[in-house]
Amino acid sequence: MPDSDARPIVSIRDMHKSFGHVEVLKGISMDVPKGGVVCIIGPSGSGKSTLLRCINALVPIDSGSIRVANFDVHSLTTDKERLALRREVSIVFQQYNLFPHKTALENVMMAPIYVLKEPRDEVRARAIALLKKVGLAAKQDAYPGELSGGQQQRVAIARSLAMRPEVMLFDEVTAALDPETVKEVLNTIRELAAEGMTCMLVTHEMRFARELADTVYFTDGGVIVESGPPAVLFDQPKADRTRAFLSQIL
Amino acid sequence: MNSMHAIDHSPGSTDLPVLLPAAACMARRVAAERRAGSPRLSLRAEHGAVLLAVFVIGCGIAEAQAGADNPSILATLWKWTPLLARGFVFNLAISFVAMAVGTAFGLLLGFAQLSLLRPVKRAAWLTTHFFRNAPWLVLLFYCMFLLPFQITVFGVTIPLPDWVKATLGLALPVMANVAEILRGAMQSIPTAQWESAASLAFSRRQTLWMIILPQCLKRMLPPWMNLYAILTMSTVLASIVGVNEMMTLTRQALSAENRPGLLLSFYSYVLLWFFVYCYPIARWTVRLEARFAVNV
């Protein structure tokens, strides 16, 4: 369980981001304690995915600050610094984005071998263990094209975990899946959270958010409208906008 | 109030289902042609049949026109076949060398187009487009008449016979087209692959060599083979600048025979040779394309 006195592992202050003339994030601030699970909900186009991409520097921010572990993300200037950050923060995408020319096992092994420069045998053992953990031990030699969406997504999670990150970001990881396979992916994330991994999820799975999150953030129009423990936010939302959104999807 | 926020879930798909198979097929073809940067060769078995028919008719006409003392048309063709075959082998040799040289330099040019240095990128782009859009024959003439007949490097004199110059002339457009094929393949890789690699802390160079290019190779193969087939057919251009390849030899054979009736049969004979060589390549290209389209 998160310790509220500990320094947050992710700390965002008044973050702004525009694409051209469109300001998608208009002053976001949030803290995520180590081991915490945070869910970000909100209508499409409210900047949720951009928020996650800013945290691991895939998208540069315009103003404000982001601190992750020992990195000041907003002031990273060289590729080297950005790459160092990404060893600590890993992201899983909605569309899995596995490397289609590599098997499931190779997908998991590549980054530790070529980025972390770890010995192949060690990485292999760890990768096999990770695939087993996500329930895909039997599929290690399958290519992404031969796997279902849910299986691909679990390989993608294993691939991120192989980097031994401090923080995992999940960007609508179940949005592209059919209902039966959503569960298998959510179970994997549930286990991770139980093991104390710091997780930030952008999700439309409200039941999952309610069950798993320590804090839920509701964003709309580039700002955080409301945040709080799931029991409070889902059952006694304060803002009208939150209430309107929840009444539509619950 | 909530109803004001209702989201419109209409998929907006107004496509006529009847048109879908044809549309998918055409879209694939257009995409392939855009990647290849040149129209896709579509050789079919029927085309071969038509060629054969023309050849047979040509032979019939020649036979009918032949005087009593002339040897039969087939015997005449057979007599010249070894020489023509030697010419054809020369065509193939030119196509191999031009393809190899063009591919090597084309890949370099393609990579230069991806450079982060603006001048390099710009120069590579200009070079590519100049050679891609210049007529092949003009390039060939440039090489024939602007290159010296020999070059001296460090005291070693290397002769440049006509066929070498012709091969270089053909290698230039091949180079530009290969560069374009590479660029097209790179652009066809979803940007999500770059993003995904970046999120795993791969450097740009690692991403390029380990993730993007291996995926490109597969996509480049069909347009590259198509380009080869087009090049093979273009090697006969070398006859205009006097290289002793199949077309030149055919013309010589015809003038030696001095029977105008042989024209149709001889030239359709040459066409048949090229068809027999290029047809399997074209079919194979189409098959590879279909296979890659399914499991990319």
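Protein chains get the first letters and strands the later ones, always in sequence-line order, with residue 1 at the start of each.
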Decide whether A/S46 and A/T219 meet the rule of one side-chain donor and one side-chain acceptor closer than 3.5 Å. yes
With a 4.5 angstrom heavy-atom cut-off, is it the side chain or the backbone of A/R159 that approaches chain B, or both, or neither? both
Would you tell me whether B/T128 and B/Q113 have side-chain atoms, one donor and one acceptor, within less than 3.5 Å of each other? yes
Which portion of A/V89 sits near chain B, non-hydrogen atoms under 4.5 angstrom: backbone
For A/I91, is it the side chain, the backbone, both or neither that has a heavy atom under 4.5 Å from a heavy atom of chain B? both
Leading residue by heavy atom contact count with chain A [cutoff under 4.5 Å; candidates B/Q206, B/R204, B/M210]: B/M210
Could you tell me if A/N97 and B/S196 have a donor-acceptor pair between their side chains, going purely by distance under 3.5 Å? no
So, for B/F88 and B/F274, is the gap between ring centers shorter than 6.0 Å? yes
Measuring heavy-atom distances to chain B, does A/L98 have an atom under 4.5 Å in its side chain, in its backbone, in both, or in neither? backbone
Side chain, backbone, both or neither of A/D79 within contact of chain B (heavy atoms, under 4.5 Å): neither
At a 4.5 Å cut-off on heavy atoms, which part of B/Q193 comes close to chain A: side chain, backbone, both, or neither? both
Among A/L58, A/V92, A/L83, A/L116, which residue has the highest count of heavy-atom pairs closer than 4.5 Å to chain B? A/L83
B/T207 and B/W194 side chains, donor-acceptor separation under 3.5 Å: no
Residue A/Y114 versus chain B: region with a heavy atom under 4.5 Å: both
Are B/S188 and B/R219 close enough that a side-chain donor and a side-chain acceptor fall under 3.5 Å? yes
Residues B/Y277 and B/T232: side-chain donor-acceptor under 3.5 angstrom: no
